[in-house]
Amino acid sequence: QPGAGGNRTYFPFFSDFRGHNVTALRIGESSALVFIFLLSLAGNVWGICLLVRQHRLLFAANCLVLNLFCADLLFITAMPFIAVVRWTESWELGDAVCHLLFYVVSLSGAVIILSLTAVSLERVLSIARLRHAAFRRRKVLVAALLLIWSFAALFTLPLCCFFTVVQLPGPDIKICTLDWPTTAGEIVWDTTFAVVFFLIPGVVIVISYSKILQITKASRRSLNAGLAYSEHHQIRVSQQDYKLFRSLFLLMISFFIMWSPIIVIIFLILVQNFKEDLNILPSVFFWIALFTFANSAVNPILYNVAYFRRKFQEILLCCTGNPERHGAGTETTVRRSKREQPHLSFITR
């Protein structure tokens with residue numbers, strides 16, 4: 001139940017006072033946390049290693065994806081602290097951790113969303129061939145990354161200030177909760193955050209990927225018209241189109257599915273201050289937050305699904321002793337295809 005302090009009612013967030021005999025539930029929660037944490041950690045570290053190894057291909061999109069992986073790693077750093085709180089129930093980690101925990105979560109979450117948006121915009125610009133000189137592109141990229149982190153850090157700063165440890169009535173019962181000076185300020189901030197870091201990025205992502213799909217369909221129609229390409233090339237590009245846009249579509253869908261619940265429950269917690277009959281359990285908030293944390297495991301999988309599949313095929317073909325077929329799917333063939341289809345290079349990236 002939400003905790004009451006004085007004349008105010010506070011939501012305990014990750015603290016959950018359930019009495020005794022809940023060991024099995026705590027073990028289940030901890031196991032889920034550990035599984036998602038390890039999966040996210042392994043996936044993002046692996047993704048970072050892949051991008052760093054491909055240093056010659058670190059153009060804007062890869063740098064933005066690298067930034068996304070770094071934000072994912074920062075995002076999941078809160079999970080070990082959450083696991084501790086689920087066992088102690090009362091907040092025992094101190095004021096500093098209370099201030100920083102939710103600030104880091106909101107900061108990294110905002111960077112993740114902005115990075116996804118930036119990736120979609122970069123893809124549109126790249127496909128539309130709106131390219132500048134290399135040094136100008138690097139400057140623009142660095143400026144974009146600094147802007148993403150600075151904007152997210154400043155906008156989420158109120159959470160660092162207003163998340164604090166509150167002593168509730170009872171012996172040693174403390175929670176880390178959000179204590180806004182005014183209810184109006186909380187309403188304005190919640191609404192603005194949802195618009196700036198969810199609705200607007202969502203609209204930009206949908207528009208960007210829709211534009212990419214339109215351009216690619218137009219290119220495929222040109223290929224089908226027979227612009228000096230063999231039937232083999234037509235099939236090859238068509239398959240690559242399908243794989244590319246399937247990944248983009250899944251990424252966009254996962255973004256909406258896995259972030260919508262946390263946005264909704266934040267508003268419900270706010271509404272709970274005005275409607276006493278609305279009771280949101282901390283356990284519900286925990287599982288919704290865990291579902292959002294799982295997005296950090298999904299992102300590297302979606303971005304590297306093509307690589308994982310290719311490496312698996314290479315290992316399988318090596319084991320079956322078929323080097324010729326193995327060579328047909330290597331990056332050398334991809335580079336050769338790019339030279340043969342220069343004006344369609346955006347499809348094969």
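These numbers come from the heavy atoms of this one structure, side chains and all, not from hydrogens, waters or symmetry mates.
A donor-acceptor pair shorter than 3.5 Å cannot be found between the side chains of Asp179 and Thr164. A donor-acceptor contact under 3.5 angstrom links the side chains of Ser30 and Trp87, judged on distance only.
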Walk me through it: do Phe291 and Trp287 pass the test ring-ring contact (aromatic ring centres under 6.0 Å, His included)?
CA-CA 6 Å; Phe291 182 67; Trp287 288 107; over 10 Å; no
Could you go step by step and tell me if Tyr103 and Phe163 meet the ring-ring contact (aromatic ring centres under 6.0 Å, His included) rule?
CA-CA 8 Å; Tyr103 177 62; Phe163 258 102; over 10 Å; no
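Taking the centre of each ring, Phe81 and Phe102 stay at or above the 6.0 Å mark. Between Phe151 and Phe197, the distance from one ring center to the other falls under 6.0 angstrom. The aromatic ring centroids of Phe11 and Phe285 lie less than 6.0 Å from each other.
In this structure Phe37 satisfies the ring pair (Phe, Tyr, Trp, His ring centres under 6.0 Å) test with no other residue, sequence neighbours excluded.
Between Arg26 and Glu89, at least one side-chain N (NZ, or NE/NH1/NH2) sits under 4.0 Å from a carboxylate O, which counts as a salt bridge.
Under the 30°/60° scheme for interplanar angles, the aromatic rings of Phe198 and Phe256 are found to stand perpendicular.
Around the CZ atom of Phe35, the shell of radius 6.0 Å holds no more than 12 heavy atoms that belong to other residues, nucleotides or ligands.
Stacking of Arg86 on the aromatic ring of Phe286 is recorded, both the 6.0 Å distance cut-off and the 45° axial limit being met.
Considering Ser115, Ser40, Ser296 as possible partners of Asp72, the one that fulfils the side chain to side chain donor-acceptor pair (under 3.5 Å) test is Ser296.
Here the straight-line distance linking atom CG of Leu93 with atom CG of Leu100 works out to 11.5 Å at 0.5 Å rounding.
Between Thr177 and Pro12 there is no side-chain heavy-atom pair separated by less than 4.5 Å.
Linking Ile, Leu, Val, Met, Phe, Trp and Tyr whenever their side-chain heavy atoms come within less than 4.5 Å leaves Val188 and Leu199 in two separate clusters.
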